[in-house]
There are 2 protein chains.
Amino acid sequence: MKPHGKVEFVKVVTKSSTVEDYVKVIYAFTEWQDKAITSSQLAVRLGVANSSVSEMVRKLKEQGLVHHQPYSAIKLTERGTVLALAMVRRHRLLETYLMRELGYGWDEVHDEAELLEHAVSDKFIERMSSKLGHPQRDPHGDPIPAPDGTISLPDATLLSLLDAGHRGKITRISDDNPELLRYLAHQDITLDADIEVLGQRPFGGSLMVRIGSGTDTADFDVPEEVSSALWVESTHPHADCTLT
Amino acid sequence: MKPHGKVEFVKVVTKSSTVEDYVKVIYAFTEWQDKAITSSQLAVRLGVANSSVSEMVRKLKEQGLVHHQPYSAIKLTERGTVLALAMVRRHRLLETYLMRELGYGWDEVHDEAELLEHAVSDKFIERMSSKLGHPQRDPHGDPIPAPDGTISLPDATLLSLLDAGHRGKITRISDDNPELLRYLAHQDITLDADIEVLGQRPFGGSLMVRIGSGTDTADFDVPEEVSSALWVESTHPHADCTLT
DNA sequence: TCTTTAGATTAGGCACATCTAATTCAGAAA
DNA sequence: TTTCTGAATTAGATGTGCCTAATCTAAAGA
Ligand SMILES: [Mn+2]
Ligand SMILES: [Mn+2]
Ligand SMILES: [Mn+2]
Ligand SMILES: [Mn+2]
């Protein structure tokens with residue numbers, strides 16, 4: 001007597017904190033540009049060996065969280081995106097909460113949120129969100145997805161890509177370098193500050209910018225490292241440029 | 001050329017969340033009575049197999065966190081006690097915070113704290129403590145150890161051990177049965193309520209108690225399951241008993 | 001004292017997430 | 001088209017924490 005049908009064991013999906021971090025990083029990579037992440041880029045961002053990523057990506061695929069053809073880039077499935085957005089919501093709400101309710105500095109929130117995001121319950125997240133008045137963005141200007149996964153990305157451009165004359169508001173600051181955040185805070189370069197690109201020093205040097213508005217302005221030379229961490233939303237359309 | 005001295009590799013102690021839970025449970029067992037916990041009692045409380053405990057206790061001993069002779073009870077070392085008290089502080093502060101700041105019910109805080117206690121930083125804990133005004137006990141009446149490990153246990157007795165006539169205040173309610181907590185809250189039996197033992201129903205039946213003071217009192221029959229979850233601090237010394 | 005037995009420990013394995021080293025592959029360069 | 005090369009994958013292993021099954025032991029009972 002042989003079985004005449006195939007027996008399949010459907011693996012119950014356990015979203016470990018490792019899996020949560022993988023999908024979150026895969027998602028984050030495409031948030032501000034549209035190329036999908038590769039195996040080794042993922043390895044660098046997670047701080048693990050390439051081989052660990054290969055192994056794990058196979059498991060993520062098994063669980064229906066990513067699409068992946070060997071030797072090509074890694075993309076989230078619908079389900080993977082849902083999980084990633086849930087984690088991004090958690091992370092950003094936690095960062096916001098830590099600053100507003102527990103007096104953390106904006107350079108201190110990331111690491112704490114990175115661990116807490118895996119430990120708090122949905123109830124905790126929603127209570128926080130209520131208490132904060134359902135904020136739309138985190139302390140670094142990153143948009144906070146709604147509970148249903150809806151997210152609206154502001155129309156911002158990387159400062160380092162802007163031409164002289166451009167004016168706008170700083171709407172996002174990359175949060176992965178705490179030291180940079182401390183530097184910026186010390187210089188009073190904060191979210192929503194008005195900014196104008198004055199020009200670029202020769203031979204690929206620093207970008208010259210003016211921060212502030214009206215009479216209260218200050219000029220800075222920002223090196224590539226900084227200008228590639230700041231996103232600017234234009235206040236005037238392109239036509240308004242004052243080219244010298 | 002042979003080495004003429006012994007080379008030892010001292011294991012760097014990594015306090016995993018598993019280790020944290022083991023020492024916490026070992027500590028908790030002796031908080032309200034003085035017998036040390038056995039292997040199988042520990043297994044029940046942690047929800048793991050006996051063999052897992054044997055294995056883990058060996059590792060805890062290796063790390064200097066417990067004293068243990070095979071086939072006998074498990075005791076924390078000085079270092080183990082320090083770690084346990086730190087975890088207890090975390091757990092109880094978190095419970096208090098969840099109730100006071102995020103509107104949790106006292107039956108909902110335990111499970112959330114059980115996970116969060118492993119994920120939050122010391123900074124988080126101390127910020128919470130400040131914000132709460134450095135509370136001395138958690139929502140269930142359990143004392144919160146100070147950052148240095150100091151803890152003062154209230155002089156309370158298990159309700160089920162009290163004789164008729166005893167009066168006092170409820171100062172502690174075991175928090176490991178959420179359903180019981182909901183029942184008590186529904187009956188307005190809360191921390192600091194005045195209580196008087198009226199007597200015991202025959203044949204090992206329920207304990208009859210009076211809750212409240214002055215004109216606002218209510219009588220209850222409390223079954224063993226409940227009376228062994230409530231601790232009472234006497235308001236009148238023993239001499240004041242009214243035996244029938 | 002000898003036997004029983006409940007509780008504790010060991011043996012042998014598994015799942016997860018990681019590593020280093022060896023191998024394979026896709027696409028660029030010749 | 002063939003060769004090369006860096007990226008990606010597989011092979012083989014480790015550490016942690018858990019399991020079931022087998023074995024052992026201390027303390028109680030006959
Ligand atoms: Mn994380
Ligand atoms: Mn952020
Ligand atoms: Mn715990
Ligand atoms: Mn409690």
Side-chain angles (χ1 to χ4, degrees), chain A residues 8-26 29 35-76 80 83 87 114-115 117-119, chain B residues 8-26 29 35-76 80 83 87 114-115 117-119:
Chain A
E8 290 198 24
F9 291 89
V10 177
K11 170 74 178 306
V12 177
V13 178
T14 322
K15 39 191 162 88
S16 68
S17 64
T18 307
V19 167
E20 291 175 342
D21 276 339
Y22 271 80
V23 296
K24 190 160 63 87
V25 171
I26 297 168
F29 191 82
K35 285 186 293 295
I37 197 167
T38 65
S39 197
S40 48
Q41 287 170 320
L42 189 43
V44 170
R45 276 174 173 66
L46 288 165
V48 299
N50 277 6
S51 56
S52 306
V53 171
S54 282
E55 190 81 0
M56 188 55 108
V57 165
R58 196 171 44 67
K59 290 177 195 163
L60 295 179
K61 190 178 177 182
E62 245 170 59
Q63 298 181 20
L65 294 170
V66 300
H67 297 297
H68 185 234
Q69 302 307 116
Y71 300 98
S72 66
I74 299 145
K75 290 186 189 111
L76 292 174
L83 177 56
M87 294 314 296
E114 196 59 50
L115 292 179
E117 63 191 5
H118 311 290
Chain B
E8 289 198 27
F9 290 90
V10 177
K11 170 73 177 306
V12 176
V13 178
T14 324
K15 37 190 164 91
S16 69
S17 64
T18 306
V19 167
E20 291 175 341
D21 276 339
Y22 271 79
V23 295
K24 191 160 63 85
V25 171
I26 296 169
F29 191 83
K35 285 188 293 295
I37 198 168
T38 65
S39 197
S40 48
Q41 288 170 320
L42 190 43
V44 170
R45 277 176 172 65
L46 289 165
V48 300
N50 276 6
S51 56
S52 305
V53 171
S54 281
E55 190 82 0
M56 188 54 112
V57 166
R58 197 171 42 68
K59 289 177 194 162
L60 296 179
K61 190 177 177 183
E62 244 170 62
Q63 297 181 21
L65 295 170
V66 300
H67 297 297
H68 185 234
Q69 302 308 116
Y71 299 98
S72 65
I74 300 145
K75 292 188 187 108
L76 292 174
L83 177 56
M87 295 313 297
E114 196 60 49
L115 292 178
E117 63 190 5
H118 311 290

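Given the structure is predicted, the values throughout are model-derived calculations rather than measurements. Throughout, a chain's letter reflects where its sequence line sits, starting with A, and its residues are numbered from 1.
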N/O donor-acceptor pairs under 3.5 Å from side chains in residues 47-58 of chain B, not counting sequence neighbours:
unit_1	atom_1	unit_2	atom_2	d
B:Glu55	OE2	B:Arg58	NH2	3.3

Check: Less than 3.5 Å between a donor and an acceptor, one on the side chain of A:Ser51 and one on the base of C:dT20, is that the case here?
Finding: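 Indeed there is one.
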Next item on the list: Check for a donor-acceptor pair, side chain of B:Lys61 on one end and backbone N or O of B:His68 on the other, with a separation under 3.5 Å.
Entry: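 Checked: pair present.
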Note to self: Does A:Ser72 reach a base, just sugar-phosphate, or nothing at all? Heavy atoms under 4.0 Å.
What the structure shows: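 The answer is nothing, as A:Ser72 stays clear of every strand by at least 4.0 Å.
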Check: For A:Ser52, which contact category applies under a 4.0 Å heavy-atom criterion: base, sugar-phosphate, or nothing?
Finding: base
Euclidean distance, atom [atom1] of residue [X] to atom [atom2] of [N] [Å, nearest integer]:
X: B:Ile37; N: C:dG7; atom1: CD1; atom2: P; value: 14 Å
X: B:Gln69; N: D:dT25; atom1: CD; atom2: P; value: 15 Å
X: B:Gln63; N: D:dG15; atom1: CD; atom2: C1'; value: 13 Å
X: B:Leu42; N: C:dT9; atom1: CG; atom2: C1'; value: 14 Å
X: B:Glu62; N: D:dG15; atom1: CD; atom2: P; value: 12 Å
X: B:Glu20; N: D:dG17; atom1: CD; atom2: P; value: 11 Å

Does the side chain of [X] get closer than 4.0 angstrom to OP1 or OP2 of [N] through an N or O atom?
X: B:Ser40; N: C:dG7; value: no
X: A:Thr18; N: C:dA17; value: yes
X: A:Thr38; N: D:dA8; value: yes
X: B:Tyr22; N: D:dC18; value: yes

Once rounded to the nearest 0.5 Å, what's the spacing between atom [atom1] of [X] and atom [atom2] of [Y]?
X: A:His67; Y: A:Ile74; atom1: NE2; atom2: CD1; value: 13.0 Å
X: A:Lys15; Y: A:Leu65; atom1: NZ; atom2: CG; value: 10.5 Å
X: A:Leu46; Y: A:Lys24; atom1: CG; atom2: NZ; value: 9.0 Å

Margin query: Below 4.0 angstrom, which residues in residues 54-61 of chain B have at least one non-hydrogen atom near DNA chain D?
Written below: B:Met56, B:Lys59
Check: What residues, two or more places apart in sequence or in another chain, satisfy side chain to side chain contact (heavy atoms under 4.5 Å, CB included) together with A:Ala73?
Finding: A:Ala36
Taking only nitrogen or oxygen atoms into account, show me every contact under 3.5 Å that the protein makes with nucleotides 23-28 of chain C, one pair per line with its distance.
unit_1	atom_1	unit_2	atom_2	d
C:dC25	O4'	A:Tyr71	OH	3.3

Next item on the list: When you get a sec, tell me which of C:dA17, D:dT9, C:dA8 is the closest nucleotide to the side chain of B:Asn50?
Entry: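 The answer is C:dA8, which lies nearest to the side chain.
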Check: So which pairs with a foot in residues 35-45 of chain B pass side chain to side chain donor-acceptor pair (under 3.5 Å), sequence neighbours left out?
Finding: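 Residue pairs passing side chain to side chain donor-acceptor pair (under 3.5 Å), neighbours aside: B:Thr38-B:Gln41.
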Check: Among all residues two or more places apart in sequence or in another chain, which pass the side chain to side chain donor-acceptor pair (under 3.5 Å) test with A:His118?
Finding: A:Glu20, A:Asp21
Margin query: On a heavy-atom basis, which atom in A:Leu42 and which in A:Tyr22 lie closest, and how many Å separate them?
Written below: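 Closest approach of A:Leu42 to A:Tyr22: CD2-CD2, 4.2 Å.
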